[in-house]
Each structure stands twice: as structure tokens, then as C-alpha cells.
**Student:** 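There's a structure below that I have some questions on.
Positions are given from 1 along the sequence. Every heavy atom of this structure was used, including side-chain atoms; hydrogens, water molecules and symmetry mates were not. Remember, it's 1-based here, ligands and their atoms both numbered in the order they're listed.
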Amino acid sequence: MNEVVQDAFNEQIKSELFSGYLYLSMSAHFDHENMPGFAHWMRLQAQEELAHAMRLFDYVLRRGGQVELHGIDAPTTDFGSPLTLFESVLEHERAVTGMIHRLFELSGKEGDWAAQQELQWFIAEQVEEEDAAATVRDQVRMAGDDQAALLMLDQQLGSRTAGPEQA
Ligand code: FEO
């Protein structure tokens with residue numbers, strides 16, 4: 001693994017950990033707002049992000065590269081309404097998709113075909129990530145100001161189980 005690709009992977013490890021930090025902050029926010037189902041969904045989302053970071057971490061090590069952990073910014077604690085929050089989750093996931101695509105492009109430019117193969121998993125995963133965020137965003141939008149609908153959605157999100165990559 002050359003240094004350019006290695007540095008870019010290390011930067012992506014940081015971005016995945018930041019995503020986890022952001023979703024943990026959102027989980028705490030929902031817990032504070034007495035929405036335990038939303039809090040649970042976000043906590044699992046944060047765990048998924050840690051799993052993404054660890055997958056990259058292990059990959060760099062497997063390639064004989066050097067993992068260098070970069071500083072993680074503090075996430076916001078100011079989220080607004082559930083709809084605003086989920087709009088920002090979707091926006092965030094789209095930005096991550098862009099990062100993964102750029103990493104894939106860079107790996108190709110550097111002739112690192114093995115890295116590109118590893119990144120195929122992340123490209124597919126980002127389709128799932130965007131879809132999951134868009135689904136909840138749409139459900140929150142449909143619930144609108146209806147407290148009973150939001151309560152039902154909270155119960156539904158509370159039943160989310162961990163994805164296969166954490167099994
Ligand atoms: Fe690691 Fe939510 O993308």
C-alpha cells in the first residue's frame with residue numbers, strides 16, 4: 001500500500017469514527033427527548049460506524065500499512081426537530097458516499113487494485129446507508145406533528161437489531 005493510499009484510508013477511518021461520534025450525539029439527544037426507540041436506532045448506527053472504521057483499520061494493517069489515527073472533531077448537540085435531524089443524517093451519508101467514491105478513484109489512480117476491491121464493499125454499504133436514512137426521514141416527514149404517529153415510529157425504530165457486519 002503506497003503512502004498516498006494509506007493516508008487516504010487513515011483519513012477515512014477518522015471520518016467513519018466521526019460518523020459514529022455524530023450518531024452517538026444524536027442518540028443522546030433522543031434519549032434526552034424521551035424517544036428511546038430513536039435513541040436505540042442511533043446507537044446501533046454509531047456501532048455500525050465503528051465497525052466500518054475497524055474494517056478499514058484491519059485492512060490497512062493486513063496490507064502491511066501503518067494506521068495513523070487522526071483527531072476527531074466534536075459533533076454538534078444542536079439538532080432541531082426530528083425531521084431536520086434526519087435530513088442532516090441523509091446529507092451526512094451522501095457526503096460519506098462522496099468520500100468513498102473519491103477514495104476508490106484515488107486507489108485506481110495509484111494502481112492499487114486490491115484497495116479498490118476492498119472499497120467495493122463500502123460502495124455497496126453506502127447504498128444501504130443512504131436508503132436507511134432516507135426511509136426514516138420519509139417516515140418522520142409522514143408523521144409530521146402527529147404525536148401518536150411519532151410514538152409508533154419510536155416503537156418501531158426501537159426494534160432495530162444489529163446488522164450482519166456486527167454479528
Ligand atoms: Fe460508514 Fe454511515 O457510513
**Student:** Quick one, His92 with Ser19, criterion side-chain hydrogen bond (donor to acceptor under 3.5 Å, both in side chains). Give me CA distance, side-chain angles, the key distance, then yes/no.
**Tutor:** CA-CA 8 Å; His92 181 73; Ser19 298; 2.9 Å; yes
**Student:** Closest to atom 2 (Fe) of ligand 1, which N/O/S atom of Glu129 is it?
**Tutor:**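 Result: OE2.
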**Student:** Regarding Glu49, does it place an N, O or S atom less than 2.8 Å from atom 2 (Fe) of ligand 1?
**Tutor:**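 A backbone or side-chain N, O or S atom of Glu49 is under 2.8 Å from atom 2 (Fe) of ligand 1.
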**Student:** Do Glu125 and Glu48 have side chains that approach each other closer than 4.5 Å (heavy atoms only, starting at C-beta)?
**Tutor:**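 Answer yes - side chains close enough.
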**Student:** Have a look at Glu93 and say which of its N, O or S atoms is nearest atom 2 (Fe) of ligand 1.
**Tutor:**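 So the atom name we want here is OE2.
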**Student:** Taking both backbone and side chain into account, is any N, O or S atom of Glu16 nearer than 2.8 Å to atom 2 (Fe) of ligand 1?
**Tutor:**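 Of the N, O and S atoms in Glu16, none lies under 2.8 Å from atom 2 (Fe) of ligand 1, which means no.
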**Student:** Within a strict 4.5 Å, meaning less than it, do heavy atoms of the Met26 and Leu85 side chains meet?
**Tutor:**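 Of all side-chain heavy-atom pairs linking Leu85 with Met26, at least one is under 4.5 Å.
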**Student:** Could you pull out the atom name of the N/O/S atom in His52 that is nearest atom 1 (Fe) of ligand 1?
**Tutor:**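 So the atom name we want here is ND1.
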**Student:** Of the non-hydrogen atoms in Gln45 and Glu93, which two are nearest, and what is the gap between them?
**Tutor:**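 Gln45 and Glu93 have their closest heavy atoms at NE2-OE2, 4.2 Å.
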**Student:** List the atom of Leu106, the atom of Val5, and the distance in Å for their closest heavy-atom pair.
**Tutor:**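 Looking at all heavy atoms of both residues, the shortest contact is CD2-CA, 4.5 Å.
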